[in-house]
Novice: 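Questions regarding the structure given below will be posed in turn.
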Amino acid sequence: MTSDIVFFLLAAISVFTALMVVFSKSPIYSVMWLIACFFSIAGHYVMLNAQFLAIVHIIVYAGAIMVLMLFTVMLLNLNKESEPHKSILSKSIGIITGGMLFLVLLAAMRSTQLGPYSAPETTDVGFVQKVGMKLFTDYLLPFEMTSVLFIAAMIGSVVLAKKERNI
Amino acid sequence: MSELVNTSTPQNWYLLLSTLLFSIGVMGVLIRRNAIIILMCIELMLNSVNLLLVSFSAYAGNTDGQVFVFFIMVVAAAEVAVGLALLVSIYRNLGSTDIDVLSKLKG
């Protein structure tokens, strides 16, 4: 039952930090809460025995993406004073819409009939060896294609962020 | 180590958690006007889907789901890089990251 307690703790942290991302006033605080949320999701991955993904998740999200976001927020000098706000009406409409989406998905989940569950024989599906073997045999072509995607993204972001010359 | 996925935690709880996180992300996209926070909420939605894929992969004993999660992370990283470059460009031209300023197409 220890795993249940850990699950609920991590789930509570995830949901709380996700709500704080949406509702905190300053963009810097939102980024900080998002980092906490990503760490709790990495904890979920460890609980699910997906060690490779847990480490990659921390390196990619907390290490790269969040640093990029934080730099951009600081570069653009966004603070609480310059923060635009929607009207109360459209905010409440947004909250109601999100809640309705949750209810619809929940109803769809409740009406599914799950077959009898049989536990898998192997629990090492998330280990580095298994994921690496899969990645470099069955998914070799998509894996190589990601390098093309990254080059395109790199060139694209450099071109977009470059100072425009007045033509 | 193998006791960690003892499947005593029902998978429904993971379904519930990722649905909740996805809904929070949608809510954030709808109620915030700052484009950076909208980008962060999109990241949140991608992460909830990743969590769902990993839980299905772990409960079914199949590695393919985790490879998909790896590719989703790759696409998310590229998306954030291009999105932030666009934001910097928008901020330089308009002096704001408010999405309601970007209404030129409205005509």
Side-chain angles (χ1 to χ4, degrees), chain A residues 3-4 7 11 14-15 18-19 21-22 27 30-31 34 37-38 41 44-45 47-50 53 56-57 60 64-65 68-69 72-73 76 78 83-86 91 94-95 97-98 101-102 105-106 109 119-123 125-126 130-131 134-135 139 142 146 149-150 153 156-157 160-161, chain B residues 1-2 4-9 13 15 17 19-28 30-34 36-37 39-41 43-44 47 51 54-55 57-64 66-67 69-71 73-78 80-82 84-89 91-92 97-98 100:
Chain A
S3 67
D4 281 3
F7 172 80
S14 309
V15 171
L19 283 172
V21 169
V22 176
S30 284
V31 178
L34 195 57
C37 187
F38 284 164
I41 289 175
H44 282 296
Y45 290 168
M47 287 289 291
L48 286 166
N49 240 1
L53 280 180
V56 168
H57 188 266
V60 170
I65 293 183
L68 205 62
M69 289 250 179
T72 314
V73 170
L76 301 188
L78 301 172
E83 176 70 16
H85 278 292
K86 278 196 171 163
K91 261 187 188 172
I95 291 173
T97 312
L101 177 72
F102 178 63
L105 290 174
L106 207 66
M109 233 159 62
E121 304 86 35
T122 55
T123 51
V125 287
K130 281 283 181 69
V131 180
K134 205 78 178 175
L135 204 56
Y139 294 93
T146 57
L149 177 72
F150 267 136
S157 51
L160 282 172
Chain B
M1 216 50 202
S2 59
L4 265 180
V5 180
N6 51 5
T7 59
S8 75
T9 311
W13 294 355
L15 288 171
L17 174 66
T19 309
L20 198 54
L21 285 178
F22 191 87
S23 305
I24 291 171
V26 171
M27 204 188 291
L30 289 175
I31 71 173
R32 295 306 292 258
R33 273 171 66 188
N34 195 336
I36 288 186
I37 294 178
L39 210 59
M40 287 197 274
C41 290
E43 290 299 309
L44 202 63
N47 267 289
L51 183 63
V54 172
S55 81
S57 156
Y59 278 81
N62 191 345
T63 315
D64 289 306
Q66 310 211 356
V67 179
V69 172
F70 182 75
F71 287 127
M73 282 180 185
V74 167
V75 173
V80 165
V82 175
L84 287 178
L86 272 172
L87 273 184
V88 169
S89 174
Y91 185 79
R92 192 176 286 141
T97 53
D98 185 358
D100 284 4

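Heavy atoms only: backbone and side chains are in, while hydrogens, waters and symmetry mates are out.
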Novice: Please report the closest heavy-atom contact between A/His57 and A/Phe38, naming both atoms and the distance.
Specialist: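 Taking every non-hydrogen atom into account, CE1-O, 3.2 Å.
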Novice: Please classify the contact between B/Phe71 and chain A as side chain, backbone, both or neither, with a heavy-atom cut-off of under 4.5 Å.
Specialist: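 Only the side chain of B/Phe71 comes within 4.5 Å of chain A.
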Novice: Under 4.5 Å from any heavy atom of chain A, what part of B/Val74 do you find: side chain, backbone, both or neither?
Specialist: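 Backbone plus side chain of B/Val74, per the 4.5 Å heavy-atom cut-off to chain A.
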Novice: Quick one: what part of A/Leu34 sits under 4.5 Å from any heavy atom of chain B, side chain, backbone, both or neither?
Specialist: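 It is the side chain, since no backbone atom gets that close.
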Novice: Looking only at heavy atoms and a cut-off of under 4.5 Å, which of A/Leu135, A/Leu53, A/Val60, A/Leu105 has the most pairs with chain B?
Specialist: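 Looking at each of A/Leu135, A/Leu53, A/Val60, A/Leu105 in turn, A/Leu53 comes out on top.
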Novice: Under 4.5 Å, counting heavy-atom pairs only, tell me which of B/Val80, B/Asn47, B/Val82, B/Val26 racks up the most with chain A.
Specialist: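 Ranked by contacts with chain A, first place is B/Asn47.
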Novice: Please round to the nearest 0.5 Å and tell me the distance separating atom CG of B/Leu39 and atom OG of A/Ser30.
Specialist: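 With rounding to 0.5 Å, CG (B/Leu39) is 12.5 Å from OG (A/Ser30).
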Novice: Can you tell me how far apart CG (B/Asn34) and CE (B/Met40) are? Round to the nearest 0.5 Å.
Specialist: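 Here the rounded value is 7.5 Å.
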Novice: Out of A/Leu68, A/Val56, A/Val21, which one racks up the most heavy-atom pairs below 4.5 Å with chain B?
Specialist: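 With the most close heavy-atom pairs to chain B, the winner is A/Leu68.
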Novice: Could you have a look at A/Gly156, A/Ala50, A/Cys37 and say which one has the most heavy-atom pairs with chain B under 4.5 angstrom?
Specialist: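 Highest number of pairs under 4.5 Å: A/Ala50.
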Novice: Any idea which of B/Leu21, B/Leu87, B/Ile31 has the most non-hydrogen atom pairs under 4.5 angstrom with chain A?
Specialist: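 Top count of heavy-atom pairs under 4.5 Å with chain A: B/Ile31.
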Novice: Relative to chain B, which segment of A/Phe150 carries a heavy atom at a distance below 4.5 Å: side chain, backbone, both, or neither?
Specialist: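 Side chain of A/Phe150 only, per the 4.5 Å heavy-atom cut-off to chain B.
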Novice: Let's test your reading of the structure: which of A/Met69, A/Lys91, A/His44 forms the most heavy-atom pairs below 4.5 Å with chain B?
Specialist: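 The candidate making the most pairs under 4.5 Å is A/Met69.
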Novice: CG of A/Asp4 to CH2 of B/Trp13: how many Å apart, nearest 0.5 Å?
Specialist: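 Going from CG on A/Asp4 over to CH2 on B/Trp13, the span is 4.5 Å.
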Novice: A/Phe102: what forms a ring-ring contact (aromatic ring centres under 6.0 Å, His included) with it, not counting sequence neighbours?
Specialist: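 For A/Phe102 there are no ring-ring contact (aromatic ring centres under 6.0 Å, His included) partners, ignoring immediate neighbours.
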Novice: From A/Thr146 OG1 over to B/Phe70 CZ, what is the distance, rounded to the nearest 0.5 angstrom?
Specialist: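 Reported to 0.5 Å precision, the distance equals 6.5 Å.
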Novice: Mind ranking A/Leu149, A/Leu76, A/Thr97 by heavy-atom pairs under 4.5 Å with chain B and telling me who comes out on top?
Specialist: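 Looking at each of A/Leu149, A/Leu76, A/Thr97 in turn, A/Leu76 comes out on top.
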Novice: Quick check on the interface: out of B/Val88, B/Leu84, B/Leu44, who has the most heavy-atom pairs with chain A under 4.5 Å?
Specialist: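 Top count of heavy-atom pairs under 4.5 Å with chain A: B/Leu84.
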Novice: Between B/Ile24 and A/Ala18, what is the shortest heavy-atom contact and its length?
Specialist: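 The answer is CG2-O, 3.7 Å.
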Novice: Mind ranking B/Ser23, B/Ala76, B/Cys41, B/Gly25 by heavy-atom pairs under 4.5 Å with chain A and telling me who comes out on top?
Specialist: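 When all of B/Ser23, B/Ala76, B/Cys41, B/Gly25 are compared, B/Ser23 has the most.
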Novice: Which one, B/Leu30, B/Asp64, B/Asn62, leads in non-hydrogen pairs under 4.5 Å with chain A?
Specialist: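 Highest number of pairs under 4.5 Å: B/Asp64.
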Novice: If I take atom CG from residue A/Leu19 and atom CE from residue B/Met27, how far apart are they, to the nearest 0.5 angstrom?
Specialist: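 One gets 7.0 Å once the value is rounded to the nearest 0.5 Å.
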Novice: Is chain A contacted by the side chain of B/Leu17, its backbone, both, or neither, given a heavy-atom distance below 4.5 Å?
Specialist: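 Side chain only.
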Novice: Non-hydrogen atoms of chain A under 4.5 Å away: do they reach the side chain of B/Leu51, the backbone, both or neither?
Specialist: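 Interface part for B/Leu51: both.
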Novice: What's the shortest heavy-atom distance between A/Met47 and A/Phe7, and which atoms?
Specialist: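 Between these two residues, the closest heavy atoms are CE-N, 4.3 Å.
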